Amino acid sequence: MADQKEICRAIVTAALNQFKEDKALPGDSVAESLVHMENPPRPEMGDIGAPMFPFAKTFRMAPPAIAAGVADVINAAAAAGKQLGGYEVQQVGSFAAVGPYVNVKLNKADASAGILRTIVEQGEGYGSFDEAGNRPLAGRRVMVEYSSPNTNKPLHLGHMRNDALGESVSRILKKAGAEVFRVNIINNRGVHICKSMLAYKLFHEAKGETPESLHMKGDHFVGQCYVEFDKYAKEHPEAAQQAEDMLVQWEQSKPGDELYTLWEKMNSWAISGVKETYERTGVGFEKLYFESETYLKGKEEILKGLEKGLFFKAPDGSVRVDVTEAVGKGKDGEDHEKVLLRKDGTSVYITQDIGTAIFRHGDWAFNQLVYVVASEQIFHFKVLFYILRKLGFEWAEKLHHLSYGLVNLPSGRMKSREGTVVDADDLIDSLHEAALKEIQEKGRDEAVGSPDEVAEKVALAALHYYLLQVAPVKDMLFNPEESLSFNGNTGPYLQYMGARIASILRKAEEQGLEPDSSDAALALLSHESEWELTKKLAEFPRLVAKAAEALDPSMMANYLYDVSKAFSAFYRDCPILAVADKEPQLARARLCLASCTLTVLRNAMHLVLVPFLDRM
């Protein structure tokens, strides 16, 4: 909680040292950094708690005994009107020992005023600073890689979780003070691309068919070709080898060659379609990398490593590395080997990843590089990081794999080659249609302004929030119907709460009532629901820093829901406009609390990709 935790930390630290001196205990003074401040599990226990466990060994006392002694020191100072740690104890609140904790019940009037005025003053910047006014991650340069589409298919539901995680993590890191550089590797070469190219030559080229002529998005058309190849290969076993042969031919081709020209054309179709989806979902990047431009650097480094004896050539002619040290023995007890170059000399995924990582550090020297990639690739990244360390790149120690679970539908797992994927555009379209229907059925067309625009934002809120409210490491089922609910823990519910507060503020303005953040007004906020909401708002900066360190947007999503519930309880128990005539100053103080809540909701919703709506 802004400021109050630091003040209480100073008081408890001073009391610990005085208690230590009174007891003539040996050892150095207790440093303020060793005193941790927490939120008690139940409001009646207090607003802030300091555990005494860390001092049991040095004090040679049980934590409850230390807590009792420290509380006595603080209360004696309060009774005598003295300061501790530079602060008047009586003005801060009441301190008491609760088991092994020293808990504080804050002076609500002073605490509320400090919290709410900070929100009013910082506005959009609220959440970027810790209790001491510092930006928690200042000086950290974090590169975040996410999305990584293949140019043989459109983005699907799995990509949507990847994109949401990457974009949200980037926004949270930036909010916490880090310098963030968002990157994307476009996987635009490989056997999978050749499969789509072969299908195009077999089924579309002679007819001159293009995405434009078929009225399709480019990525959808290329994805259709990929599905067509899979069906064709089931009846023509030689098709797989044809795709392998085409990859070899492509790596030997150059601009202007027929095969290279076809590759460029199909890639442009796919990439333009994917970019449309990015724009629609609010996902962006500072730089796009292309596998076709980085894999040669990877090959170069592998061949250098081969010359140095870091890697070896297997009997089949492929270049390999022993990665047992990184991943352990195989199931058969033998050493683990990883292919780095195929026997025909062509690259594999890890080859381009090596080249891409080297290019990236040269482009933008990072303190940390976060790869947002599904848990299926845990082995891959252990190997990648190991190889880069083996090649002598010190910055390889700064690489991190943000592993996330798979997304499935209640109907089962998706398979792109069989055409059973849930296309991202189609999914958003269906959510949009359902949201628009809800608006029309409730007769809200005119009230919301632009029904189509609002439906799109509701669809994105439903999708993003549902994907982010679950911790990244967990697998999940995406239920479209649940995601669109306007009740419960959903994106549309958060939007509704924001719109509801915006409506209250508009009505107050129409009545000539404005928020009041003066001491006299905020001192009137004495109801328990007002205090619980204020405390919840105060947690935002700490949550931003915590979510940034953990790279976990679900913390922010769950916090948003908690704030919404706290506001709902406050509004139920504490009328605003209804008391304006009899108690105008109280109404203005509550209006200030509502306005601060809206600020926090807007700031936090942006971090989890939930568009704000002031009318619903």
Side-chain angles (χ1 to χ4, degrees), residues 1-5 7 43 47 91-93 105-129 131 133 494-544 559-560 562-606 612-615:
M1 163 176 320
D3 299 326
Q4 279 70 31
K5 280 189 177 179
I7 292 171
D47 302 306
Q91 293 181 3
V92 176
K105 288 187 177 180
L106 295 171
N107 181 322
K108 295 179 182 179
D110 288 347
S112 293
I115 293 165
L116 298 181
R117 270 201 295 271
T118 297
I119 299 173
V120 170
E121 291 167 4
Q122 294 184 1
E124 289 184 7
Y126 183 65
S128 297
F129 308 95
E131 288 94 341
L494 298 179
Q495 289 178 311
Y496 165 73
M497 190 59 65
R500 185 181 185 187
I501 299 173
S503 176
I504 294 169
L505 294 173
R506 282 195 302 273
K507 289 178 181 177
E509 186 177 7
E510 291 169 2
Q511 295 178 21
L513 200 65
E514 295 183 353
D516 188 348
S517 58
S518 67
D519 286 343
L522 298 181
L524 299 175
L525 299 177
S526 58
H527 194 283
E528 192 61 31
S529 293
E530 295 167 336
W531 178 234
E532 288 305 311
L533 175 57
T534 302
K535 287 196 297 179
K536 188 59 64 177
L537 300 183
E539 292 176 14
F540 184 49
R542 179 182 62 84
L543 255 294
V544 170
Y559 170 75
L560 269 165
D562 288 343
V563 170
S564 297
K565 289 191 296 182
F567 179 83
S568 185
F570 153 71
Y571 193 60
R572 178 197 65 216
D573 299 337
C574 306
I576 300 177
L577 302 181
V579 300
D581 290 338
K582 292 183 178 180
E583 300 177 89
Q585 194 169 37
L586 175 61
R588 289 195 293 269
R590 287 176 176 173
L591 204 59
C592 178
L593 178 52
S595 178
C596 287
T597 304
L598 187 63
T599 295
V600 173
L601 282 177
R602 291 187 74 152
N603 291 358
M605 285 165 68
H606 173 74
F612 173 77
L613 290 170
D614 62 359
R615 285 178 170 81

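All values reported here derive from a predicted model rather than from experimental measurement.
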Smallest separation among heavy atoms of [X] and [Y], with atom names:
{"X": "Val563", "Y": "Leu533", "answer": "O-CD1, 4.1 Å"}
{"X": "Val579", "Y": "Ala587", "answer": "CG2-CB, 3.9 Å"}
{"X": "Gln91", "Y": "Asp110", "answer": "O-OD2, 3.4 Å"}
{"X": "Cys574", "Y": "Ser529", "answer": "SG-CB, 4.4 Å"}
{"X": "Leu560", "Y": "Ala604", "answer": "CD2-CB, 3.5 Å"}
{"X": "Ile576", "Y": "Ala594", "answer": "CD1-CB, 4.1 Å"}

Could you tell me the separation between the [atom1] atom of [X] and the [atom2] atom of [Y], rounded to the nearest 0.5 Å?
{"X": "Leu543", "Y": "Phe540", "atom1": "CG", "atom2": "CZ", "result": "8.0 Å"}
{"X": "Asp614", "Y": "Ile501", "atom1": "CG", "atom2": "CD1", "result": "12.5 Å"}
{"X": "Trp531", "Y": "Lys535", "atom1": "CH2", "atom2": "NZ", "result": "6.5 Å"}
{"X": "Arg588", "Y": "Ser518", "atom1": "CZ", "atom2": "OG", "result": "8.0 Å"}
{"X": "Phe567", "Y": "Cys596", "atom1": "CZ", "atom2": "SG", "result": "11.5 Å"}
{"X": "Lys536", "Y": "Asp562", "atom1": "NZ", "atom2": "CG", "result": "4.5 Å"}

Side chain to side chain, [X] and [Y], heavy atoms closer than 4.5 Å:
{"X": "Val92", "Y": "Leu106", "value": "yes"}
{"X": "Leu525", "Y": "Leu116", "value": "yes"}
{"X": "Arg117", "Y": "Asp519", "value": "yes"}
{"X": "Lys108", "Y": "Glu530", "value": "no"}
{"X": "Leu586", "Y": "Arg590", "value": "yes"}
{"X": "Gln4", "Y": "Asp47", "value": "no"}
{"X": "Phe612", "Y": "Leu598", "value": "yes"}
{"X": "Ile504", "Y": "Tyr571", "value": "yes"}

message = Take a 6.0 Å sphere around CD of Gln511 and say whether it holds more than 12 heavy atoms from other residues, nucleotides or ligands.
response =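 Enclosed.
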
Donor-acceptor pair, distance only, cut-off 3.5 Å: does the side chain of [X] make one with the backbone of [Y]?
{"X": "Asp516", "Y": "Ala521", "result": "no"}
{"X": "Tyr126", "Y": "Leu537", "result": "yes"}
{"X": "Thr597", "Y": "Leu593", "result": "yes"}
{"X": "Ser568", "Y": "Ser564", "result": "no"}

ask   = Hey, is Lys507 close enough to Glu510 for a salt bridge, meaning N to O under 4.0 Å?
value =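 A salt bridge is absent here (no side-chain N lies under 4.0 Å from a carboxylate O).
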
message = Between Glu539 and Arg542, does any side-chain N to carboxylate O distance fall below 4.0 Å?
response =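 Looking at Glu539 and Arg542, the cut-off is met.
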
ask   = Can you list the residues that meet the side-chain contact (heavy atoms from CB on, under 4.5 Å) rule with Ser526, with sequence neighbours excluded?
value = none

